[in-house]
Amino acid sequence: MPRQINNSNLITFYVPKSPISEAYRTLRTNIQFSSIDKKIRVLMVASAQSGEGKSTTVSNLAVTYAQEGKKVLLIDADLRKPTIHRIFGLSNRTGLTSVITGQFHSSEAIQSTEVENLSILPSGAVPPNPAELLASQKMKAFINEMKDTYDIIIFDTPPVLAVADSLIVSSVCDGVVIVIQEGKVKRELVKRAKESLERVNAKLIGVVLNNVKKSKKNGYYYYYHETAE
């Protein structure tokens, strides 16, 4: 039985008719229109550094895909500082590392949620060699296997500038979205993250500008104000 979601950052689940939830649905639509010739089946949400709201963004985006009727698998590939299991109130005892190392079958590690059509694969135990696991042939084979079951697979990953893990994961993705928190990260760091992704031929399809402050004069508002990171 799915565990109860207890994280208020999932606004698309709790308040699906809010303007912010509508913004996430617009993001989903924009992603779908970003690649006409090749349908995006595997998506990564990245950020230059930690604390930019990446995990909150990827979680809400996954919910909107599921609400559209797509069968969604959200994978926490941040094997060093996992977050997704906490957002959805799930156990992290088994997860991606358990599957890649052959300790558990994927059916034993993937967990259902209260959100219809949305399944979660937490990171699992923190391994001593995250980059090697993510770059392994078993990882690629696992993703190809999951494509037979899910309409879209979405990855949460560590910050691009922190470790090489996200660059490795981007190699199995059809597209990458970068989350930038306004006022938190320097433009130069965002540029470096973008260049790093481009060097490994990642397909950048867009940017989410997060926590944007807009003037009352123009009827603006905060894009959102709380993050799980």
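Only heavy atoms go into these numbers, but all of them, side chains included; no hydrogens, no water, no symmetry mates.
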Do Ile75 and Phe142 have side chains that approach each other closer than 4.5 Å (heavy atoms only, starting at C-beta)? yes
Please step through side-chain contact (heavy atoms from CB on, under 4.5 Å) for the pair Glu108 and Thr94, ending with a clear verdict. CA-CA 8 Å; Glu108 300 173 290; Thr94 60; over 6 Å; no
Minimum heavy-atom distance between Gly53 and Asn210, given as atom pair plus value: CA-ND2, 3.6 Å
For the pair Arg192 and Glu188, find out whether any cationic side-chain nitrogen is under 4.0 Å from an anionic carboxylate oxygen. no
Is a side-chain donor-acceptor pair under 3.5 Å present for Asp165 with Thr157? no
I need the minimum non-hydrogen distance between Ala77 and Pro158, along with the two atoms involved. O-CD, 3.7 Å
Could you pull out the closest heavy-atom pair between Asp174 and Lys39, with the gap in Å? OD2-O, 3.9 Å
Got a donor-acceptor contact below 3.5 angstrom from the Asn60 side chain to the Phe13 backbone? no
To the nearest 0.5 Å, what is the distance between OG on Ser171 and NZ on Lys140? 5.5 Å
Donor-acceptor check, side chain of Thr97 to backbone of Ala125, threshold 3.5 angstrom: yes or no? yes
Rounded to the nearest 0.5 Å, what separates atom NZ in Lys54 from atom OG in Ser166? 8.5 Å
Would you indicate whether the side-chain heavy atoms of Val72 and Tyr150 approach each other to under 4.5 Å? no
Report the C-alpha separation of Leu43 and Phe155 in whole Å, then their side-chain angles, then the decisive distance to 0.1 Å, and conclude whether the side-chain contact (heavy atoms from CB on, under 4.5 Å) test is met. CA-CA 6 Å; Leu43 176 71; Phe155 279 103; over 6 Å; no
OG of Ser47 to CG of Leu189: how many Å apart, nearest 0.5 Å? 11.0 Å
Among Thr101, Asp76, Leu79, exactly one meets side-chain contact (heavy atoms from CB on, under 4.5 Å) together with Leu96. Which residue is that? Leu79
List the steps and the verdict of side-chain hydrogen bond (donor to acceptor under 3.5 Å, both in side chains) for Thr29 and Thr26. CA-CA 5 Å; Thr29 301; Thr26 300; over 6 Å; no
Donor + acceptor pair across side chains of Glu68, Gln32 (<3.5 Å): yes
Do Val160 and Leu209 belong to the same hydrophobic cluster, where Ile, Leu, Val, Met, Phe, Trp and Tyr are linked whenever their side-chain heavy atoms lie under 4.5 Å apart, directly or via other members? yes
Could you check whether any side-chain heavy atom of Arg187 comes within less than 4.5 Å of a side-chain heavy atom of Val190, counting everything from C-beta outward? no
Side-chain (Arg25) to main-chain (Pro16) donor-acceptor, under 3.5 angstrom: yes
Residue pair Thr64, Ser21: steps toward the side-chain contact (heavy atoms from CB on, under 4.5 Å) verdict: CA-CA 8 Å; Thr64 64; Ser21 297; over 6 Å; no
Under a single-linkage definition using a 4.5 Å side-chain heavy-atom cutoff for Ile, Leu, Val, Met, Phe, Trp and Tyr, are Leu133 and Val200 assigned to the same hydrophobic cluster? yes
Joint hydrophobic cluster, Ile143 plus Ile100, side-chain heavy atoms closer than 4.5 Å: yes
May I ask you to check whether over 12 heavy atoms, not counting those of Glu116, lie within 6.0 Å of atom CD? no
Exceeds 12 heavy-atom contacts within 6.0 angstrom, atom NZ of Lys147: yes
If we ignore hydrogens and angles and just use 3.5 Å, is the side chain of Ser136 paired with the main-chain N or O of Met139 as donor and acceptor? yes
What's the spacing between Thr57 OG1 and Glu52 CD if we round to 0.5 Å? 9.5 Å
Between Asp151 and Arg41, is there a salt bridge with N-O shorter than 4.0 Å? no
Between the CD1 atom in Ile120 and the CD1 atom in Ile154, the distance rounded to the nearest 0.5 Å is 9.0 Å
Ser119 side chain near Leu74 side chain, heavy-atom distance below 4.5 Å: no
Check whether any side-chain N or O of Asn129 sits under 3.5 Å from a backbone N or O of Glu132 as a donor-acceptor pair, and report yes or no. no
Using the rule that two of Ile, Leu, Val, Met, Phe, Trp, Tyr join whenever any of their side-chain heavy atoms come within less than 4.5 Å, decide whether Leu197 and Val163 are in one cluster. no
side-chain contact (heavy atoms from CB on, under 4.5 Å) between Gln67 and Leu118: does it pass, once the steps are laid out? CA-CA 9 Å; Gln67 289 171 335; Leu118 176 58; over 6 Å; no
Would you say that more than 12 heavy atoms from the other residues, nucleotides or ligands in this model lie under 6.0 Å from the NZ of Lys70, or not? yes
Which atom pair, heavy atoms only, marks the closest approach of Pro122 to Gln111? CG-NE2, 3.3 Å
When you compare the side chain of Glu145 with that of Ser106, does any pair of heavy atoms fall below 4.5 Å? yes
Might you confirm whether atom CZ of Arg80 has over 12 heavy atoms from other residues, nucleotides or ligands at distances under 6.0 Å? yes
Asn92 side chain vs His85 backbone, donor-acceptor pair below 3.5 Å: no
Which atom of Ile84 lies closest to which atom of Ser55, heavy atoms considered: CD1-O, 4.2 Å
When rounded to the nearest 0.5 Å, the distance separating CG of Asp156 from CE of Met44 is 9.5 Å
Does any non-hydrogen side-chain atom of Phe88 lie less than 4.5 Å from one of Leu10? yes
Identify the residue among Ile11, Val208, Val63 that makes a side-chain contact (heavy atoms from CB on, under 4.5 Å) with Tyr24. Ile11
Looking only at side-chain N and O atoms, does Ser59 offer a donor or acceptor that is under 3.5 Å from a partner on Thr56? no
Would a hydrophobic clustering, with Ile, Leu, Val, Met, Phe, Trp and Tyr connected at side-chain separations under 4.5 Å, put Phe104 with Leu73? no
